[in-house]
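First the structure, in the form of structure tokens, and then the observations on it.
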Amino acid sequence: MSGKLILFLLFGAVFLIEGISRSPMQRDVAAEESCEEDDGEYDSQGRPTRVGAPKPKPKRKEADDDWDGVEDPTDEDYLRYENTNQEGVCILGEWRMFKRRNESVCLKIFGTIHKIDGRTAADICRANHNARMMTVDSQEEREWIYTTELGGNSTYHYMYVAGYRSRRCKNAVCTASMDAFEEVDRTADHRFIYSKWEGILNEYYDFEYSNCLAMHVMPHPISLPNFIRDWPCKQAWLNTVLCGVTVM
């Protein structure tokens, strides 16, 4: 009897030791499985993958020359632009969309109480959605300008638009022609606007010719085909500017 008892005790001790040694491993495996389930809800970039998970907010990128803190549009913003191009709707608010040569633009006229020069006009565009000064590329755009509060206001006879005297005319008198001025907003081929000269006056101020470009608006009749002229860049004589952003 004593021999059987000893064998029984030995087998019992072996089973007890084996059970104790396995328990931590099982707990570790269970813990690892739990972690894998949690990690499976997100991909390698931290985006949720399970149904019903919250959608991350789109991350905006700052422009390389973003001096005023204006954020670039996200991919979702561009998608909204694409979806509304057919209807000419801009997501920026009271801006008007027009299709041009290779892309679309959203345009808006900005004005100030005090007179501004050409550099200040460009700064005003930059301060509003990182826009830039824009040219006029079609009769449709010109007609729209006349329907706006500032473009159709007979108080403001001229408005800054994009354009700058070409290099060959910097130090010489220039005549009205397609190559007298360059287009600077890079959205149009400028064939429309540079065929609409009222004249190039070649006025000389502050040791330079009138290197900027101005559009004649109200009360200039829209039925008259010619509506642009050279304008002094350094003289604070105008109140309004045509600004725009590129869409696609």
Side-chain angles (χ1 to χ4, degrees), residues 90 94-101 104-126 128 131-166 169 174-203 205 208-246:
C90 292
E94 297 179 356
W95 297 61
R96 176 66 182 271
M97 183 180 291
F98 293 94
K99 289 188 176 181
R100 290 188 173 176
R101 181 179 49 185
S104 294
V105 296
C106 285
L107 303 178
K108 185 175 181 179
I109 301 172
F110 288 90
T112 66
I113 298 175
H114 305 289
K115 303 289 185 181
I116 57 175
D117 58 17
R119 180 181 294 274
T120 304
D123 290 341
I124 289 173
C125 290
R126 289 273 296 177
N128 288 276
R132 60 185 184 272
M133 204 182 302
M134 283 280 177
T135 187
V136 180
D137 193 44
S138 66
Q139 182 65 19
E140 180 187 7
E141 293 180 11
R142 184 188 176 203
E143 292 175 357
W144 164 76
I145 287 171
Y146 274 67
T147 67
T148 63
E149 183 177 356
L150 294 176
N153 192 325
S154 59
T155 304
Y156 311 123
H157 297 177
Y158 283 90
M159 173 179 66
Y160 284 112
V161 293
Y164 202 75
R165 186 180 292 265
S166 64
C169 296
C174 235
T175 58
S177 62
M178 291 297 295
D179 60 349
F181 271 57
E182 300 173 355
E183 60 94 12
V184 294
D185 69 9
R186 299 173 183 172
T187 64
D189 58 15
H190 66 263
R191 293 179 182 175
F192 173 77
I193 194 167
Y194 290 158
S195 65
K196 308 299 182 183
W197 288 105
E198 285 184 338
I200 298 182
L201 305 184
N202 294 300
E203 296 172 322
Y205 296 97
E208 68 177 24
Y209 285 108
S210 300
N211 290 330
C212 287
L213 193 67
M215 174 184 177
H216 203 172
V217 287
M218 289 289 288
H220 186 66
I222 198 170
S223 58
L224 297 179
N226 300 323
F227 58 88
I228 62 165
R229 55 157 291 185
D230 55 342
W231 196 269
C233 293
K234 297 181 179 179
Q235 305 299 317
W237 287 347
L238 300 183
N239 295 81
T240 56
V241 56
L242 180 64
C243 302
V245 294
T246 301

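Nothing here was measured: the structure is a model prediction, and the numbers come from that model.
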Inset, instruction - Mind checking side-chain contact (heavy atoms from CB on, under 4.5 Å) for A121 and listing every partner two or more places apart, or none if nothing turns up? - result: I116, M133, Y160, V241
Legend entry - With A176 via side-chain contact (heavy atoms from CB on, under 4.5 Å) - residues at least two apart: W197, I200
Legend entry - Flag, side chain of Y194 to backbone of E182, donor-acceptor distance under 3.5 Å: yes
Inset, instruction - Take T246 and R132 through the test side chain to side chain donor-acceptor pair (under 3.5 Å) and record every step on the way to the result. - result: CA-CA 9 Å; T246 301; R132 60 185 184 272; 2.8 Å; yes
Legend entry - side-chain contact (heavy atoms from CB on, under 4.5 Å) involving L150 - partner list, sequence neighbours excluded: I109, Y156, T240
Inset, instruction - Find out whether F181 and C174 are in side-chain contact, i.e. whether some heavy atom of one side chain is under 4.5 Å from a heavy atom of the other. - result: no
Legend entry - Min side-chain heavy-atom separation K115-N239 under 4.5 Å: yes
Inset, instruction - Answer whether the closest heavy-atom distance between the side chains of E140 and R96 falls below 4.5 Å. - result: yes
Legend entry - Verdict with supporting geometry, I145 and M218, side chain to side chain contact (heavy atoms under 4.5 Å, CB included): CA-CA 10 Å; I145 287 171; M218 289 289 288; over 6 Å; no
Legend entry - Partners passing side-chain contact (heavy atoms from CB on, under 4.5 Å) against Q139 (at least two apart in sequence or in another chain): R142, E143, F192, I222
Legend entry - Straight-line distance of K108 NZ to N128 CG, nearest 0.5 Å: 7.0 Å
Legend entry - C125/F110 under side chain to side chain contact (heavy atoms under 4.5 Å, CB included): CA gap, chis, key distance, verdict: CA-CA 8 Å; C125 290; F110 288 90; 5.5 Å; no
Legend entry - Note, K234 side chain near E208 side chain (heavy atom, < 4.5 Å): yes
Legend entry - Worked verdict on T120 versus D117 for side chain to side chain donor-acceptor pair (under 3.5 Å): CA-CA 5 Å; T120 304; D117 58 17; 2.7 Å; yes
Inset, instruction - State, to 0.1 Å, how close V136 and M215 come at their nearest heavy-atom pair, and which atoms those are. - result: CG2-SD, 3.7 Å
Inset, instruction - Could you tell me which non-hydrogen atom of D230 sits nearest to which non-hydrogen atom of E203, and how far apart they are? - result: OD2-N, 4.2 Å
Inset, instruction - State, yes or no, whether a side-chain contact exists between H190 and T135 at a heavy-atom distance under 4.5 Å. - result: no
Legend entry - Min side-chain heavy-atom separation D189-D137 under 4.5 Å: yes
Inset, instruction - Would you check if there is a donor-acceptor pair between the side chains of T155 and N153 at a distance under 3.5 Å? - result: yes
Legend entry - Pairs where residues 217-226 contributes a residue and the test side chain to side chain donor-acceptor pair (under 3.5 Å) is met, not counting sequence neighbours: H216-H220
Inset, instruction - Enumerate the residue pairs fulfilling salt bridge (charged side-chain N to carboxylate O under 4.0 Å, His left out) with a member in residues 209-218, sequence neighbours excluded, ordered by first and then second residue. - result: none
Inset, instruction - Show your reasoning for whether side chain to side chain donor-acceptor pair (under 3.5 Å) applies to S177 and D179. - result: CA-CA 6 Å; S177 62; D179 60 349; 2.9 Å; yes
Inset, instruction - Determine whether P232 and W237 make a side-chain contact, defined as any pair of heavy atoms from C-beta on separated by less than 4.5 Å. - result: yes
